[in-house]
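Shown next, in C-alpha coordinates, is the structure this report addresses.
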Amino acid sequence: MSSNDARENPGYRYEQWLNRTGRHKGVQAHTATAEERADYRTAKQGESPARSTDYALGGTDPLNRSAGIYPHDPELAAKLAQDIGPPFKTKYDQETVPGVYRKTPKSERGQVDRSWRATKRLLLPLLAEHYPEALEIMGVKKSGINQMLRGKTPSGFNTDHLHNRGGGGNNHPFNLVFMRIHEHDEKDQEVLGNSVGGLSPRRAEATHWPYTKYPIHISKERMARHDGASPSDAAYKERLEKLFEPTPERVKAWDRILENAERLGTEKNSLTVADPARVHNGQPLGDYLREDVARSVPQALLQQAAFDRATVIGERNEASNAGTKPPTTMTFRDFMHRREEIGR
Amino acid sequence: MSSALPMLDYETCLDVVFDDDDAVIIEPVDAEDLARMNREMFSVGVAGIPSDYRNFLRETNGLIWDSITFYGTKRLRFEEEDFYVPDVLEASERAPTWIRGEGRLVIGRTDSAVFAHDIKAGYVVLDSTDGEVLEAYASFQDLFTAQVAAEVEAMEAVTMLKA
(Lines give C-alpha, C1' and ligand atoms only; values in the text may rest on other atoms or scores of the structure.)
Protein backbone atom coordinates (compact mmCIF):
# COMPACT_ATOMS: atom_id res chain seq x y z
CA MET A 1 0.00 0.00 0.00
CA SER A 2 1.36 3.43 -0.87
CA SER A 3 1.55 6.31 1.59
CA ASN A 4 -1.52 7.81 -0.05
CA ASP A 5 -3.47 4.65 0.67
CA ALA A 6 -2.26 4.75 4.25
CA ARG A 7 -3.47 8.32 4.60
CA GLU A 8 -6.94 7.28 3.53
CA ASN A 9 -6.95 4.25 5.84
CA PRO A 10 -5.77 5.44 9.21
CA GLY A 11 -6.00 1.98 10.76
CA TYR A 12 -3.55 0.60 8.22
CA ARG A 13 -0.39 1.46 10.12
CA TYR A 14 -1.80 -0.01 13.32
CA GLU A 15 -2.61 -3.28 11.60
CA GLN A 16 0.88 -3.45 10.14
CA TRP A 17 2.39 -2.68 13.52
CA LEU A 18 0.21 -5.30 15.21
CA ASN A 19 1.14 -7.95 12.68
CA ARG A 20 4.79 -7.22 13.14
CA THR A 21 5.06 -6.85 16.91
CA GLY A 22 1.95 -8.38 18.48
CA ARG A 23 0.00 -6.37 21.02
CA HIS A 24 2.16 -4.65 23.63
CA LYS A 25 1.78 -7.08 26.49
CA GLY A 26 2.61 -4.78 29.33
CA VAL A 27 -0.02 -2.12 28.69
CA GLN A 28 -3.75 -2.19 29.33
CA ALA A 29 -5.94 0.53 27.83
CA HIS A 30 -9.22 1.17 29.61
CA THR A 31 -11.85 3.88 29.95
CA ALA A 32 -11.26 5.84 33.14
CA THR A 33 -13.73 4.87 35.86
CA ALA A 34 -15.68 7.31 38.05
CA GLU A 35 -13.47 6.29 40.99
CA GLU A 36 -10.30 7.06 39.08
CA ARG A 37 -11.68 10.47 38.11
CA ALA A 38 -12.66 11.16 41.72
CA ASP A 39 -9.17 10.15 42.94
CA TYR A 40 -7.26 12.72 40.98
CA ARG A 41 -9.90 15.43 41.22
CA THR A 42 -9.70 15.40 45.01
CA ALA A 43 -5.91 15.30 44.93
CA LYS A 44 -5.52 18.04 42.32
CA GLN A 45 -2.85 20.62 43.07
CA GLY A 46 -1.35 23.72 41.57
CA GLU A 47 -4.40 25.96 41.52
CA SER A 48 -2.52 29.16 42.18
CA PRO A 49 1.21 29.67 42.50
CA ALA A 50 2.25 30.72 45.99
CA ARG A 51 4.49 33.58 44.99
CA SER A 52 6.45 34.88 47.97
CA THR A 53 9.07 37.15 46.49
CA ASP A 54 8.82 37.84 42.72
CA TYR A 55 11.93 39.95 42.28
CA ALA A 56 12.64 41.98 39.23
CA LEU A 57 16.19 41.29 38.22
CA GLY A 58 18.59 44.00 37.30
CA GLY A 59 18.94 46.22 40.31
CA THR A 60 15.86 45.94 42.49
CA ASP A 61 16.68 42.56 43.96
CA PRO A 62 17.39 43.40 47.61
CA LEU A 63 19.87 40.59 47.99
CA ASN A 64 21.48 41.13 44.64
CA ARG A 65 20.79 37.51 43.79
CA SER A 66 21.43 35.84 40.55
CA ALA A 67 19.82 32.63 39.42
CA GLY A 68 20.93 29.46 41.08
CA ILE A 69 20.79 27.00 43.90
CA TYR A 70 22.49 28.01 47.10
CA PRO A 71 23.21 25.25 49.58
CA HIS A 72 26.66 26.43 50.58
CA ASP A 73 26.26 30.12 51.10
CA PRO A 74 24.92 30.20 54.66
CA GLU A 75 24.30 33.94 54.61
CA LEU A 76 22.31 33.84 51.41
CA ALA A 77 20.53 30.65 52.43
CA ALA A 78 19.46 32.24 55.70
CA LYS A 79 18.11 35.30 53.93
CA LEU A 80 16.23 33.15 51.45
CA ALA A 81 14.82 31.02 54.25
CA GLN A 82 13.22 34.15 55.69
CA ASP A 83 11.28 34.45 52.46
CA ILE A 84 10.42 30.87 51.78
CA GLY A 85 10.80 28.95 55.02
CA PRO A 86 13.19 26.15 55.94
CA PRO A 87 14.20 23.39 53.50
CA PHE A 88 12.21 20.16 53.44
CA LYS A 89 12.27 16.77 51.80
CA THR A 90 9.93 16.12 48.88
CA LYS A 91 7.50 13.22 48.81
CA TYR A 92 9.97 11.27 46.71
CA ASP A 93 12.99 11.98 48.88
CA GLN A 94 14.63 14.83 47.08
CA GLU A 95 16.30 17.29 49.40
CA THR A 96 15.38 20.90 48.78
CA VAL A 97 17.88 23.71 48.87
CA PRO A 98 17.23 27.44 48.69
CA GLY A 99 17.42 28.82 45.20
CA VAL A 100 16.39 31.62 42.90
CA TYR A 101 14.49 30.80 39.73
CA ARG A 102 15.35 33.43 37.16
CA LYS A 103 12.83 33.14 34.36
CA THR A 104 14.92 32.84 31.21
CA PRO A 105 13.06 34.11 28.14
CA LYS A 106 12.68 31.59 25.36
CA SER A 107 14.69 33.86 23.08
CA GLU A 108 17.72 32.99 25.21
CA ARG A 109 17.05 29.26 25.19
CA GLY A 110 17.51 28.46 21.51
CA GLN A 111 20.94 26.90 21.64
CA VAL A 112 20.13 25.20 24.87
CA ASP A 113 17.07 23.46 23.44
CA ARG A 114 18.77 22.43 20.21
CA SER A 115 21.39 20.53 22.12
CA TRP A 116 19.00 18.87 24.50
CA ARG A 117 17.85 15.78 22.68
CA ALA A 118 21.33 14.82 21.48
CA THR A 119 22.91 15.24 24.92
CA LYS A 120 20.23 13.02 26.42
CA ARG A 121 20.98 10.35 23.81
CA LEU A 122 24.58 10.37 24.99
CA LEU A 123 23.67 10.25 28.65
CA LEU A 124 21.16 7.39 28.64
CA PRO A 125 23.57 4.73 27.29
CA LEU A 126 26.15 5.79 29.86
CA LEU A 127 23.65 5.31 32.68
CA ALA A 128 22.53 1.95 31.29
CA GLU A 129 26.08 0.70 30.91
CA HIS A 130 27.52 1.93 34.19
CA TYR A 131 24.60 2.08 36.63
CA PRO A 132 22.36 -0.93 35.79
CA GLU A 133 21.81 -1.81 39.44
CA ALA A 134 20.60 1.69 40.26
CA LEU A 135 18.25 1.56 37.28
CA GLU A 136 16.89 -1.79 38.36
CA ILE A 137 16.23 -0.47 41.87
CA MET A 138 14.36 2.54 40.51
CA GLY A 139 12.20 0.18 38.49
CA VAL A 140 13.64 0.10 34.97
CA LYS A 141 13.08 -3.32 33.43
CA LYS A 142 15.68 -5.19 31.39
CA SER A 143 13.91 -4.14 28.18
CA GLY A 144 14.06 -0.52 29.34
CA ILE A 145 17.77 -0.76 30.05
CA ASN A 146 18.24 -2.15 26.53
CA GLN A 147 16.35 0.85 25.16
CA MET A 148 18.58 3.17 27.13
CA LEU A 149 21.66 1.51 25.69
CA ARG A 150 20.31 2.61 22.32
CA GLY A 151 19.84 6.16 23.60
CA LYS A 152 16.08 5.90 24.11
CA THR A 153 13.90 6.77 27.07
CA PRO A 154 11.88 3.82 28.43
CA SER A 155 8.17 4.31 29.19
CA GLY A 156 7.51 5.83 32.59
CA PHE A 157 10.78 7.69 32.89
CA ASN A 158 12.13 11.13 32.08
CA THR A 159 15.36 13.03 32.10
CA ASP A 160 15.17 16.07 34.31
CA HIS A 161 17.19 19.27 34.36
CA LEU A 162 18.38 19.66 37.93
CA HIS A 163 18.67 23.38 37.33
CA ASN A 164 15.63 23.90 35.11
CA ARG A 165 16.09 25.37 31.68
CA GLY A 166 13.35 27.93 32.24
CA GLY A 167 15.10 28.98 35.43
CA GLY A 168 18.50 29.55 33.90
CA GLY A 169 19.91 26.02 33.60
CA ASN A 170 20.97 24.25 30.44
CA ASN A 171 21.87 20.87 29.00
CA HIS A 172 25.27 20.15 30.43
CA PRO A 173 25.39 16.39 31.21
CA PHE A 174 26.09 17.18 34.86
CA ASN A 175 22.78 19.03 34.99
CA LEU A 176 20.69 16.01 33.98
CA VAL A 177 18.99 13.53 36.28
CA PHE A 178 17.13 10.40 35.17
CA MET A 179 13.86 10.03 37.12
CA ARG A 180 10.48 8.38 37.18
CA ILE A 181 7.90 10.56 35.47
CA HIS A 182 5.72 11.19 38.53
CA GLU A 183 8.78 12.10 40.59
CA HIS A 184 9.79 14.54 37.88
CA ASP A 185 6.28 16.02 37.89
CA GLU A 186 6.41 16.41 41.65
CA LYS A 187 9.65 18.35 41.35
CA ASP A 188 8.69 20.53 38.39
CA GLN A 189 5.04 21.22 39.03
CA GLU A 190 4.18 20.57 42.67
CA VAL A 191 7.33 22.01 44.25
CA LEU A 192 8.97 24.42 41.80
CA GLY A 193 5.85 25.17 39.75
CA ASN A 194 3.90 26.10 42.83
CA SER A 195 6.16 29.07 43.32
CA VAL A 196 7.36 29.90 39.81
CA GLY A 197 4.41 28.84 37.63
CA GLY A 198 3.48 31.70 35.31
CA LEU A 199 6.51 33.79 36.28
CA SER A 200 7.18 36.49 33.72
CA PRO A 201 10.47 36.50 31.81
CA ARG A 202 13.29 38.35 33.53
CA ARG A 203 11.66 38.11 36.91
CA ALA A 204 12.96 35.91 39.67
CA GLU A 205 11.43 34.01 42.53
CA ALA A 206 13.09 32.58 45.61
CA THR A 207 12.11 28.94 45.89
CA HIS A 208 12.83 25.57 47.41
CA TRP A 209 14.78 23.76 44.75
CA PRO A 210 14.56 19.94 44.75
CA TYR A 211 18.06 18.62 44.51
CA THR A 212 19.32 15.16 43.55
CA LYS A 213 22.94 14.42 44.18
CA TYR A 214 23.28 11.59 41.68
CA PRO A 215 22.58 11.26 37.94
CA ILE A 216 19.73 8.84 38.72
CA HIS A 217 17.13 9.56 41.37
CA ILE A 218 16.06 6.62 43.52
CA SER A 219 13.37 7.32 46.09
CA LYS A 220 13.24 5.44 49.38
CA GLU A 221 9.96 3.97 48.26
CA ARG A 222 11.58 2.36 45.21
CA MET A 223 14.48 1.09 47.27
CA ALA A 224 12.04 -0.42 49.77
CA ARG A 225 10.09 -2.11 46.98
CA HIS A 226 13.23 -3.58 45.54
CA ASP A 227 14.76 -4.69 48.84
CA GLY A 228 11.53 -5.70 50.54
CA ALA A 229 12.11 -3.40 53.51
CA SER A 230 12.19 0.35 54.02
CA PRO A 231 15.77 1.55 54.60
CA SER A 232 16.73 3.85 57.45
CA ASP A 233 18.00 7.29 56.44
CA ALA A 234 21.56 6.19 57.06
CA ALA A 235 21.18 2.94 55.12
CA TYR A 236 19.52 4.79 52.25
CA LYS A 237 22.39 7.26 52.01
CA GLU A 238 25.01 4.58 52.31
CA ARG A 239 23.39 2.48 49.60
CA LEU A 240 23.27 5.45 47.24
CA GLU A 241 26.91 6.24 47.89
CA LYS A 242 27.82 2.69 46.92
CA LEU A 243 25.59 2.59 43.87
CA PHE A 244 27.14 5.75 42.47
CA GLU A 245 30.71 5.23 43.53
CA PRO A 246 32.95 6.95 40.96
CA THR A 247 34.93 3.94 39.79
CA PRO A 248 37.72 4.49 37.25
CA GLU A 249 35.51 3.09 34.46
CA ARG A 250 32.71 5.48 35.32
CA VAL A 251 35.04 8.43 35.57
CA LYS A 252 36.39 7.63 32.12
CA ALA A 253 32.89 7.26 30.72
CA TRP A 254 31.79 10.62 32.13
CA ASP A 255 34.85 12.37 30.81
CA ARG A 256 34.14 10.82 27.40
CA ILE A 257 30.55 12.02 27.42
CA LEU A 258 31.72 15.53 28.22
CA GLU A 259 34.02 15.46 25.23
CA ASN A 260 31.24 14.11 23.02
CA ALA A 261 28.75 16.66 24.29
CA GLU A 262 31.21 19.34 23.39
CA ARG A 263 31.69 17.87 19.93
CA LEU A 264 27.92 17.90 19.47
CA GLY A 265 27.92 21.60 20.04
CA THR A 266 26.38 21.44 23.48
CA GLU A 267 27.66 23.51 26.29
CA LYS A 268 31.33 23.47 27.15
CA ASN A 269 32.40 21.51 30.15
CA SER A 270 35.63 23.14 31.10
CA LEU A 271 35.82 25.14 34.26
CA THR A 272 38.72 27.50 34.14
CA VAL A 273 40.63 28.30 37.25
CA ALA A 274 39.31 30.92 39.65
CA ASP A 275 40.36 34.50 39.54
CA PRO A 276 41.40 35.05 43.14
CA ALA A 277 40.90 38.79 42.75
CA ARG A 278 37.13 38.41 43.00
CA VAL A 279 35.97 38.12 46.57
CA HIS A 280 32.70 37.07 48.20
CA ASN A 281 32.31 36.81 51.98
CA GLY A 282 36.03 37.22 52.29
CA GLN A 283 36.60 34.30 49.94
CA PRO A 284 37.87 34.60 46.38
CA LEU A 285 35.00 33.80 44.04
CA GLY A 286 35.24 32.60 40.55
CA ASP A 287 35.26 33.95 37.38
CA TYR A 288 36.83 30.61 37.07
CA LEU A 289 33.92 29.65 34.90
CA ARG A 290 33.44 30.16 31.27
CA GLU A 291 30.41 32.30 30.66
CA ASP A 292 28.46 29.51 28.99
CA VAL A 293 29.28 27.02 31.72
CA ALA A 294 28.16 29.42 34.37
CA ARG A 295 24.65 28.97 33.09
CA SER A 296 24.85 25.26 32.51
CA VAL A 297 26.21 23.56 35.59
CA PRO A 298 23.93 23.72 38.62
CA GLN A 299 24.84 26.80 40.57
CA ALA A 300 25.18 24.71 43.68
CA LEU A 301 28.13 22.95 42.15
CA LEU A 302 29.70 26.14 41.00
CA GLN A 303 29.31 27.75 44.36
CA GLN A 304 30.66 24.69 46.05
CA ALA A 305 33.53 24.78 43.61
CA ALA A 306 34.15 28.36 44.61
CA PHE A 307 34.30 27.41 48.26
CA ASP A 308 36.36 24.41 47.46
CA ARG A 309 38.59 26.07 44.95
CA ALA A 310 41.61 26.44 47.20
CA THR A 311 43.06 23.20 45.93
CA VAL A 312 42.61 24.23 42.35
CA ILE A 313 44.10 27.63 42.93
CA GLY A 314 46.90 26.04 44.90
CA GLU A 315 47.54 23.67 42.03
CA ARG A 316 47.50 26.57 39.63
CA ASN A 317 49.97 28.52 41.70
CA GLU A 318 52.21 25.52 42.00
CA ALA A 319 51.94 24.90 38.30
CA SER A 320 52.55 28.54 37.59
CA ASN A 321 55.59 28.58 39.81
CA ALA A 322 56.84 25.46 38.10
CA GLY A 323 56.26 27.05 34.72
CA THR A 324 53.74 24.43 33.62
CA LYS A 325 50.21 24.84 32.33
CA PRO A 326 47.64 25.25 35.10
CA PRO A 327 44.70 22.83 35.34
CA THR A 328 41.73 24.20 33.44
CA THR A 329 39.17 21.42 33.26
CA MET A 330 36.71 20.16 35.82
CA THR A 331 36.69 16.39 35.48
CA PHE A 332 33.97 14.03 36.55
CA ARG A 333 35.97 13.13 39.62
CA ASP A 334 36.00 16.81 40.67
CA PHE A 335 32.32 16.99 39.98
CA MET A 336 31.41 13.93 42.03
CA HIS A 337 33.59 15.14 44.85
CA ARG A 338 31.71 18.42 44.90
CA ARG A 339 28.33 16.78 44.55
CA GLU A 340 29.12 14.60 47.51
CA GLU A 341 30.06 17.61 49.60
CA ILE A 342 26.83 19.35 48.72
CA GLY A 343 24.90 16.30 49.84
CA ARG A 344 26.49 16.28 53.29
CA MET B 1 8.24 27.28 12.94
CA SER B 2 11.50 27.94 11.20
CA SER B 3 14.16 25.35 11.80
CA ALA B 4 17.01 23.47 10.25
CA LEU B 5 15.34 20.12 10.92
CA PRO B 6 15.40 17.37 8.30
CA MET B 7 12.68 17.67 5.67
CA LEU B 8 10.28 15.09 7.05
CA ASP B 9 6.55 15.32 6.48
CA TYR B 10 3.78 14.16 8.80
CA GLU B 11 3.20 10.83 7.06
CA THR B 12 6.91 10.00 7.12
CA CYS B 13 7.07 10.89 10.82
CA LEU B 14 4.14 8.56 11.50
CA ASP B 15 6.03 5.84 9.63
CA VAL B 16 9.15 6.50 11.72
CA VAL B 17 7.16 6.00 14.90
CA PHE B 18 5.17 2.96 13.75
CA ASP B 19 8.34 1.31 12.43
CA ASP B 20 9.95 1.50 15.86
CA ASP B 21 9.34 -1.69 17.83
CA ASP B 22 9.95 0.17 21.09
CA ALA B 23 7.02 2.52 20.45
CA VAL B 24 3.86 1.99 22.47
CA ILE B 25 1.01 2.04 19.95
CA ILE B 26 -2.63 1.73 21.00
CA GLU B 27 -5.61 0.44 19.05
CA PRO B 28 -7.10 3.36 17.07
CA VAL B 29 -10.02 5.20 18.62
CA ASP B 30 -13.50 4.57 17.23
CA ALA B 31 -16.30 7.08 16.68
CA GLU B 32 -18.25 5.90 19.69
CA ASP B 33 -15.35 6.37 22.08
CA LEU B 34 -14.55 9.79 20.64
CA ALA B 35 -18.17 10.85 21.17
CA ARG B 36 -18.10 9.51 24.74
CA MET B 37 -14.92 11.39 25.54
CA ASN B 38 -16.19 14.61 24.01
CA ARG B 39 -19.42 14.37 26.04
CA GLU B 40 -17.44 13.78 29.22
CA MET B 41 -15.13 16.68 28.45
CA PHE B 42 -17.97 19.09 27.76
CA SER B 43 -19.71 18.03 30.98
CA VAL B 44 -16.75 19.27 33.03
CA GLY B 45 -16.03 22.35 30.92
CA VAL B 46 -12.98 21.05 29.07
CA ALA B 47 -12.68 21.87 25.36
CA GLY B 48 -13.36 18.95 23.01
CA ILE B 49 -10.71 17.19 20.96
CA PRO B 50 -9.79 19.18 17.81
CA SER B 51 -10.41 17.45 14.49
CA ASP B 52 -6.76 17.10 13.48
CA TYR B 53 -5.90 15.51 16.82
CA ARG B 54 -8.88 13.18 16.41
CA ASN B 55 -7.34 12.08 13.12
CA PHE B 56 -4.12 11.23 14.94
CA LEU B 57 -6.04 9.19 17.52
CA ARG B 58 -7.53 7.24 14.63
CA GLU B 59 -3.94 6.12 13.90
CA THR B 60 -3.10 5.32 17.52
CA ASN B 61 -5.22 6.15 20.56
CA GLY B 62 -2.26 7.50 22.52
CA LEU B 63 1.43 7.06 21.90
CA ILE B 64 4.68 6.69 23.76
CA TRP B 65 7.67 7.02 21.53
CA ASP B 66 10.98 7.60 23.25
CA SER B 67 10.39 10.47 25.68
CA ILE B 68 7.38 11.75 23.70
CA THR B 69 3.90 10.89 24.95
CA PHE B 70 0.53 11.77 23.42
CA TYR B 71 -2.65 11.13 25.35
CA GLY B 72 -5.71 9.35 23.98
CA THR B 73 -9.23 8.62 25.19
CA LYS B 74 -8.11 5.71 27.39
CA ARG B 75 -6.01 5.38 30.48
CA LEU B 76 -2.96 3.22 29.87
CA ARG B 77 -1.75 1.07 32.71
CA PHE B 78 1.73 -0.47 32.63
CA GLU B 79 1.62 -3.20 35.22
CA GLU B 80 5.27 -4.18 35.06
CA GLU B 81 6.63 -0.69 35.15
CA ASP B 82 4.08 0.35 37.77
CA PHE B 83 2.79 3.54 36.26
CA TYR B 84 -0.07 4.78 34.14
CA VAL B 85 -0.57 7.31 31.40
CA PRO B 86 -3.69 9.46 31.86
CA ASP B 87 -6.28 10.06 29.18
CA VAL B 88 -6.52 13.46 27.56
CA LEU B 89 -9.22 14.63 29.97
CA GLU B 90 -7.31 13.68 33.10
CA ALA B 91 -4.10 15.25 31.73
CA SER B 92 -5.96 18.51 31.14
CA GLU B 93 -7.76 18.50 34.48
CA ARG B 94 -4.63 17.65 36.43
CA ALA B 95 -2.53 20.33 34.78
CA PRO B 96 -1.84 23.30 37.03
CA THR B 97 -3.42 26.63 36.12
CA TRP B 98 -0.24 28.04 34.60
CA ILE B 99 -0.21 25.16 32.11
CA ARG B 100 -3.94 24.87 31.57
CA GLY B 101 -4.39 28.57 30.86
CA GLU B 102 -7.88 29.44 29.68
CA GLY B 103 -9.29 26.32 28.15
CA ARG B 104 -6.14 24.62 26.92
CA LEU B 105 -6.39 20.93 26.19
CA VAL B 106 -3.27 19.09 27.34
CA ILE B 107 -2.51 16.43 24.73
CA GLY B 108 0.99 15.24 25.51
CA ARG B 109 4.38 15.77 27.02
CA THR B 110 8.08 15.21 26.69
CA ASP B 111 10.77 15.43 29.37
CA SER B 112 10.37 19.04 30.47
CA ALA B 113 7.63 20.28 28.17
CA VAL B 114 3.89 19.89 27.75
CA PHE B 115 1.99 19.77 24.45
CA ALA B 116 -1.40 21.47 24.42
CA HIS B 117 -4.07 22.77 22.10
CA ASP B 118 -4.85 26.42 22.72
CA ILE B 119 -7.97 27.88 21.13
CA LYS B 120 -6.18 31.12 20.31
CA ALA B 121 -2.62 30.01 19.61
CA GLY B 122 -3.16 26.59 18.02
CA TYR B 123 -0.87 23.79 19.20
CA VAL B 124 1.71 24.90 21.73
CA VAL B 125 4.74 23.51 23.54
CA LEU B 126 4.93 24.82 27.11
CA ASP B 127 7.67 24.74 29.73
CA SER B 128 6.31 22.21 32.21
CA THR B 129 7.53 24.14 35.24
CA ASP B 130 6.64 27.76 34.57
CA GLY B 131 4.19 27.41 31.67
CA GLU B 132 5.92 29.67 29.17
CA VAL B 133 4.86 29.01 25.57
CA LEU B 134 8.06 27.89 23.86
CA GLU B 135 6.76 26.92 20.42
CA ALA B 136 3.47 27.31 18.55
CA TYR B 137 2.16 25.40 15.53
CA ALA B 138 -0.82 25.91 13.26
CA SER B 139 -1.79 22.24 13.25
CA PHE B 140 -1.22 19.03 15.14
CA GLN B 141 0.58 17.66 12.11
CA ASP B 142 3.11 20.47 12.35
CA LEU B 143 3.64 19.93 16.07
CA PHE B 144 4.06 16.17 15.66
CA THR B 145 6.36 16.51 12.68
CA ALA B 146 8.59 18.99 14.49
CA GLN B 147 8.92 16.78 17.57
CA VAL B 148 9.67 13.59 15.66
CA ALA B 149 12.02 15.35 13.23
CA ALA B 150 13.95 16.85 16.15
CA GLU B 151 14.44 13.38 17.63
CA VAL B 152 15.52 12.01 14.27
CA GLU B 153 18.00 14.85 13.95
CA ALA B 154 19.38 14.08 17.41
CA MET B 155 19.69 10.38 16.58
CA GLU B 156 21.58 11.20 13.41
CA ALA B 157 23.86 13.61 15.22
CA VAL B 158 24.78 10.99 17.81
CA THR B 159 25.22 8.29 15.16
CA MET B 160 27.57 10.53 13.20
CA LEU B 161 29.48 11.33 16.35
CA LYS B 162 30.00 7.65 17.14
CA ALA B 163 31.03 6.94 13.56
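Below, each value reflects all heavy atoms present in this structure, side chains not excepted, and no hydrogens, waters or symmetry copies. In what follows, chains carry the letters A, B, and so on, assigned in the order in which the sequence lines appear, proteins first and then strands, with residues in each chain numbered from 1. All values reported here derive from a predicted model rather than from experimental measurement.
- Taking non-hydrogen atoms and a 4.5 Å limit, the residue list of residues 40-56 of chain B in contact with chain A, ordered by number, reads B:Glu40, B:Val44.
- Of the atoms belonging to A:Glu15, not a single heavy atom falls under 4.5 Å from chain B.
- For A:Arg222, the part sitting under 4.5 Å from any heavy atom of chain B is the side chain, from C-beta outward, and nothing else.
- Near-neighbour residues of residues 22-36 of chain B relative to chain A, defined by a heavy atom under 4.5 Å from a heavy atom of that chain, comprise B:Asp22, B:Ala23, B:Val24, B:Ile25, B:Ile26, B:Glu27, B:Pro28, B:Asp33, B:Arg36.
- Put simply, OG on B:Ser112 and NZ on A:Lys187 are 7.5 Å apart, with the number rounded to the nearest 0.5 Å.
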Run the side-chain donor-acceptor check on residues 113-122 of chain B: report pairs under 3.5 Å with partners two or more places apart or on a different chain.
unit_1   : atom_1 : unit_2   : atom_2 : d
B:Asp118 : OD1    : B:Lys120 : N      : 2.8
B:Asp118 : OD1    : B:Ala121 : N      : 3.0
B:Asp118 : OD2    : B:Arg104 : NE     : 2.8

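- If you check the side chains of B:Gln147 and A:Arg117, you find a donor sitting under 3.5 Å from an acceptor.
- Within the 4.5 angstrom heavy-atom criterion, only side-chain atoms of A:Thr21, from C-beta onward, approach chain B.
- Remark: side-chain polar atoms of A:Arg20 are paired, donor with acceptor, to backbone N or O of B:Phe18 under 3.5 angstrom.
- Using a 4.5 Å cut-off between heavy atoms, A:Lys120 contacts chain B through its side chain alone, with no backbone atom that close.
- Atom OH in A:Tyr40 sits 5.0 Å away from atom CD in B:Glu90 (nearest 0.5 Å).
- Of the charged side-chain nitrogens involved, none lies within less than 4.0 Å of a carboxylate oxygen, so that B:Asp66 and A:Arg150 do not count as a salt-bridged pair.
- B:Glu151 and A:Arg121 are joined by a salt bridge, as a carboxylate oxygen and a charged side-chain nitrogen come within less than 4.0 angstrom of each other.
- The CG atom of B:Asn61 sits 10.0 Å away from the OH atom of A:Tyr14 when rounded to the nearest 0.5 Å.
- Judged purely by distance below 3.5 Å, without hydrogens or angles, the side chains of B:Thr129 and A:Asn164 pair a donor atom with an acceptor atom.
- For the residue pair B:Asp127 and A:Tyr101, the shortest heavy atom distance occurs at OD1-OH, 4.3 Å.
- A salt bridge links A:Arg13 with B:Glu11; the closest basic N to acidic carboxylate O contact falls under 4.0 Å.
- Rounding to the nearest 0.5 Å places CZ of B:Arg75 at 5.5 Å from NE2 of A:His30.
- Between chain A and the options B:Asp19, B:Val133, B:Asp82, B:Thr12, heavy-atom pairs under 4.5 Å are most frequent for B:Asp82.
- The most heavy-atom pairs under 4.5 Å with chain A, out of B:Thr73, B:Ile64, B:Val85, B:Leu14, come from B:Leu14.
- Chain A forms the most heavy-atom pairs under 4.5 Å with one residue out of B:Pro86, B:Ala154, B:Gly131, B:Gly72, and that residue is B:Ala154.
- Contact annotation for residues 140-149 of chain A against chain B (heavy-atom separation below 4.5 Å, listed by residue number): A:Lys141, A:Gln147.
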